[in-house]
Asks: 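A single structure is presented below for examination.
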Amino acid sequence: MEVLVQQLEELRDRFPAISTRALPSGTTLVTVQDVVLPDGWSKARTEVRFLVPVAYPYTALDCFWTEGDLRLHDGRMPINSNLENPIPEDGGHGLWFSWHLHEPWNPNRDTLSTWMHIVMARLRQLQ
């Protein structure tokens, strides 16, 4: 848990508006508010939510959610996203991105900041 707290503080250096909520399984729901989006989206900013698994940092993060009304600038849904996948144990809805790591997760190198970098890279892909 100490690793998670330390990495959340590091993430706050870049994204000051972060909140967390412990879920019944021990998973942590992280909400990053006021994330600036690149041009090409229907909004300038959104909220990003992701789950930190119980076995973190030895287990990789997977997928994320944004605000449900986020679309591409022309109104299309982004690829590999949908509105039908609620946040487990939370019941909250949003635009779910089925987005996964392309490289193996390394708990000695990768952090929550690594994951947000991956999320931001996905959001730069305007498709």
Asks: Please name the pair of heavy atoms, one in P16 and one in R14, separated by the smallest distance, quoted to 0.1 Å.
Replies: CD-O, 3.6 Å
Asks: Side-chain polar contacts of residues 111-121 - donor-acceptor pairs under 3.5 angstrom, sequence neighbours left out - could you list them?
Replies:
residue: T111; atom: OG1; partner: S113; partner atom: N; Å: 3.1
residue: T111; atom: OG1; partner: T114; partner atom: N; Å: 3.3
residue: T114; atom: OG1; partner: T111; partner atom: N; Å: 2.9

Asks: Please find the pair of heavy atoms, one from S98 and one from C63, that lie closest to each other, and give the distance.
Replies: CA-SG, 3.9 Å
Asks: Please enumerate all residues that pass ring pair (Phe, Tyr, Trp, His ring centres under 6.0 Å) together with F15, with sequence neighbours excluded.
Replies: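 Residues passing ring pair (Phe, Tyr, Trp, His ring centres under 6.0 Å) with F15: none at all.
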Asks: Using every non-hydrogen atom in the two residues, find where G26 and V54 come nearest and quote the distance to one decimal.
Replies: C-CG2, 3.5 Å
Asks: To the nearest 0.5 Å, how far apart are OG1 in T66 and CH2 in W96?
Replies: 12.5 Å
Asks: Going hydrophobic residue to hydrophobic residue with side-chain gaps under 4.5 angstrom, can you get from V52 over to F97?
Replies: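 In one cluster: yes.
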Asks: Shortest non-hydrogen contact from P107 to P57?
Replies: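 Heavy atoms only, the tightest pair is CB-O, 3.1 Å.
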Asks: Does anything in residues 118-127 pair up under side-chain hydrogen bond (donor to acceptor under 3.5 Å, both in side chains), and if so which pairs, sequence neighbours excluded?
Replies: none
Asks: E47 side chain to E67 main-chain N or O, any donor-acceptor pair under 3.5 Å?
Replies: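 A pair under 3.5 Å: no.
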Asks: Shared ILVMFWY cluster between L72 and W65, side chains joined below 4.5 angstrom?
Replies: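 The answer is no; the residues belong to distinct hydrophobic clusters.
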Asks: Can you tell if the side chain of L51 reaches within under 4.5 Å of the side chain of L23, non-hydrogen atoms only?
Replies: yes
Asks: Looking only at heavy atoms, what is the nearest atom pair of G40 and L126, with distance?
Replies: CA-CD1, 3.8 Å
Asks: Where is the tightest heavy-atom contact between P53 and A60, given as atom of each residue plus distance?
Replies: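 Closest heavy-atom pair between P53 and A60: CG-O, 3.8 Å.
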Asks: Treat each ILVMFWY residue as a node, draw an edge where side-chain heavy atoms are under 4.5 Å apart, and state whether V35 and W99 are in one component.
Replies: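 Yes, V35 connects to W99 through the hydrophobic network.
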Asks: Let me check something: do I87 and F64 share a hydrophobic cluster, defined by ILVMFWY side-chain heavy atoms less than 4.5 Å apart, either directly or through other members?
Replies: no
Asks: Tell me every residue that passes side chain to side chain contact (heavy atoms under 4.5 Å, CB included) with T20, counting only those two or more places apart in sequence or in another chain.
Replies: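 Side chain to side chain contact (heavy atoms under 4.5 Å, CB included) check on T20 returns L8, T28, V30.
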Asks: Between side-chain atoms of residues 76-83 and protein atoms elsewhere (two or more places apart, or another chain), which donor-acceptor pairs fall under 3.5 Å?
Replies:
residue: R76; atom: NE; partner: D74; partner atom: OD1; Å: 3.2
residue: R76; atom: NE; partner: D74; partner atom: OD2; Å: 2.7
residue: R76; atom: NH2; partner: D74; partner atom: OD2; Å: 3.3
residue: S81; atom: OG; partner: P78; partner atom: O; Å: 2.6
residue: N82; atom: OD1; partner: E84; partner atom: N; Å: 2.7
residue: N82; atom: OD1; partner: N85; partner atom: N; Å: 3.3

Asks: Quick one: which of E10, E9, E2 gives a side-chain contact (heavy atoms from CB on, under 4.5 Å) with Q6?
Replies: E10
Asks: Does atom CG (D13) have a neighbourhood of more than 12 heavy atoms from anything else shown, all under 6.0 Å?
Replies: yes
Asks: Please check: side-chain N/O of R71 versus main-chain N/O of K43, any donor-acceptor pairing under 3.5 Å?
Replies: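 Not at all, since once roles are kept as given, no pair shorter than 3.5 Å links the two residues.
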Asks: Output the distance between atom CG (L101) and atom CG (D62), rounded to the nearest 0.5 Å.
Replies: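 So the CG of L101 and the CG of D62 are separated by 7.0 Å.
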Asks: Could you list the residues that satisfy ring pair (Phe, Tyr, Trp, His ring centres under 6.0 Å) with W41, not counting sequence neighbours?
Replies: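 W41 satisfies ring pair (Phe, Tyr, Trp, His ring centres under 6.0 Å) with no residue once adjacent residues are dropped.
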Asks: Quick one: CG on L70 to CG on L37, what's the gap to the nearest 0.5 Å?
Replies: 6.0 Å
Asks: State, with a plain yes or no, whether a side-chain heavy atom of Y56 is found less than 4.5 Å away from one of W105.
Replies: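 Side chain of Y56 against side chain of W105, heavy atoms only: contact under 4.5 Å found.
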Asks: Using 0.5 Å steps for rounding, measure from the CZ atom of R49 to the CD atom of Q33.
Replies: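 R49 CZ to Q33 CD: 10.0 Å, rounded to 0.5 Å.
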